[in-house]
Each structure stands twice: as structure tokens, then as C-alpha cells.
Amino acid sequence: MFIETPTNPQMQEADILELSDVAKRHNLLLIVDNTFYTPLIQQPLKEGAHIVIHSATKYLGGHNDLVAGLIATNDETIAEKLFNIQNGIGMTLGAFDSWLLVRGMKTLALRMKKHEENARSVSQFLAEHSLIKEVLYPGRGGMLSFRVTSSDLVDPVLRKLQLITFAESLGGVESLMTYPSVQTHADVPKEVRQQIGIDDCLMRMSCGIENAEDLIEDLRQAFQVER
Ligand SMILES: *Cc1c(COP(=O)(O)O)cnc(C)c1O
């Protein structure tokens, strides 16, 4: 069983402990993508997951300057298999990228605190805004999504953003805004997107570590659009 929690971009949390029971009953491995929460917020191995994966490109690296991934397990047999695959096909990180990642991780705890603080402030601001229908924020971490009242708002708002960058990635010190239906989830068929709620009004924001008031001010001016 392969899950991500919270889900991207709907931000729905799954109960890892409960799912690990299901996995055990059916003799399956539970693999959890922990990219959004990082080990500081969520430790799936402690809740019964067998394998945890991270896109280290995101919070672990933290500076939008690296592409990396990592796999963690507390099962020796799985670890040995993974090591043999990596050793056999050379699928390992280069020296400079490894150094960037180690250096980024030194400030992970500080960054996560600020990402979360900013996400809380931004989600409060958005929840009270008349052009926002719904804010999807689980109350932890630095990622949030929201629905605008009309898809006509998306283009002008994205064009007006100044501090926040319109870009796909997440988890770095700079705040990024994504439009999932045409960017990250464009390869999901339209019917499936609609079913799972990735509609044309859904936007996703990765809150960076900027001053929260500057982020809110940028959103405030971007949403002052002619209608
Ligand atoms: C970005 C991302 C990935 C893919 O990671 P890359 O580092 O871009 O290969 C996988 N899972 C989640 C949740 C992500 O955000």
C-alpha cells in the first residue's frame, strides 16, 4: 500500500496506524510519502509503516536548489534489498548534491517552525477573504490549498503576485503558488481530477519563511482584481 499523508493538493490526512493494521492483516508493505510533513511533524515508521519516502527536493533540501530523494526503513531485509539496487544500478546522489542536502537539513527544524507559522497566518487571512470559497489546511506544516470563488480569478491573481512566485515545487524558503489542474496534476485525466476535487478553482501554496505580513500583503494586493 502506497499512501501520501497529507494528500497533495487536497491536504487530507490519513490514519497511518490504522492503515498499517490493514497492511499487516493482508500481508502487505505500507509505504508512506512523508514529503509534506517531514520527520519533524510525522514519523510513519513509528506508526507501523515499513518504508518512508521523501522528496528531499522539498523541505529537507529546503532551498529550491536541489533534486534529491531518500528512502527510510527500519526493516533490515528491505534495507539490504534497497542497498543492493542502489549499489547495482548506481542510483545514488552526487557529492555536491549530498552536501547541499546535508547543509539544508541543518536548519530544517527552524524552517519548519516558520513555514508552519506562516501557513497558519496565511490560511487565516484567506479564510476571511470574500473571493476565497474554502481553505484546505490541516493545521500543521507549511502547505495549504484553497478554492477561489471563480476560475476567472486565477490568471489575474497569479500575474499580480510579486513576492510569491508562480511555480511548481514546494518546501523551499521562498513561497510558491501552484495551479494544480494545469501544473502538478495536468497528467491526471480531467474526469479523475474532477472526481477527486482538483478543479479549476483550486490553488496550492507552499508558504516559505518570509515575513508573514509581507506574504499577506502580497495576497491582498493580488486579489484586488478588476471583475
Ligand atoms: C515533489 C514530490 C515528489 C517527487 O519528488 P522529486 O524530488 O521531484 O522527484 C513526490 N512526492 C511528493 C509528495 C512531492 O511533493
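Numbering of ligands and ligand atoms starts at 1, following listing order. Since the structure is predicted, the reported quantities are computational estimates derived from the model, not experimental observations.
- There is no protein heavy atom less than 4.0 angstrom from atom 9 (O) of ligand 1.
- Ranked by closest heavy atom to atom 7 (O) of ligand 1, the top entry among Thr5, Thr57, Asn34 is Thr57.
- Counted within 6.0 Å of CD on Glu213, heavy atoms from surrounding residues, nucleotides or ligands total 12 or fewer; the atom is thus considered open.
- When all heavy atoms are compared, the tightest approach of Ser169 to Thr178 is O-OG1, 4.2 Å.
- The closest side-chain heavy-atom distance from Leu136 to Arg147 is below 4.5 Å.
- Checked for salt-bridge contact, Arg120 and Glu116 meet the test: a charged N lies under 4.0 Å from a carboxylate O.
- Using a 4.0 Å cut-off between charged nitrogen and carboxylate oxygen, Arg159 and Asp155 count as a salt-bridge pair.
- The pair Arg140-Glu13 meets the salt-bridge criterion, since a charged nitrogen lies less than 4.0 angstrom from a carboxylate oxygen.
- In the vicinity of Phe36, heavy-atom distances shorter than 4.0 Å reach the ligand 1 atoms 13 (C), 15 (O).
- Close approach of ligand 1 to Ala68 (heavy-atom distance below 4.0 Å) involves ligand atoms 7 (O).
- In this structure, of Leu60, Asp33, Asn8, Thr7, the residue bringing a heavy atom nearest to atom 11 (N) of ligand 1 is Asp33.
- At a heavy-atom distance under 4.0 Å, only side-chain atoms of Leu170, from C-beta outward, approach ligand 1.
- When only non-hydrogen protein atoms are considered, atom 1 (C) of ligand 1 lies nearest to Lys58 NZ, 1.4 Å.
- Within the structure, the closest approach of Ser169 to ligand 1 does not fall below 4.0 Å when heavy atoms are considered.
- Looking only at distances, a side-chain donor or acceptor of Asp218 sits under 3.5 Å from a matching main-chain atom of Leu163.
- The option with the heavy atom closest to atom 4 (C) of ligand 1, from among Gly171, Ser55, Ser206, is Ser55.
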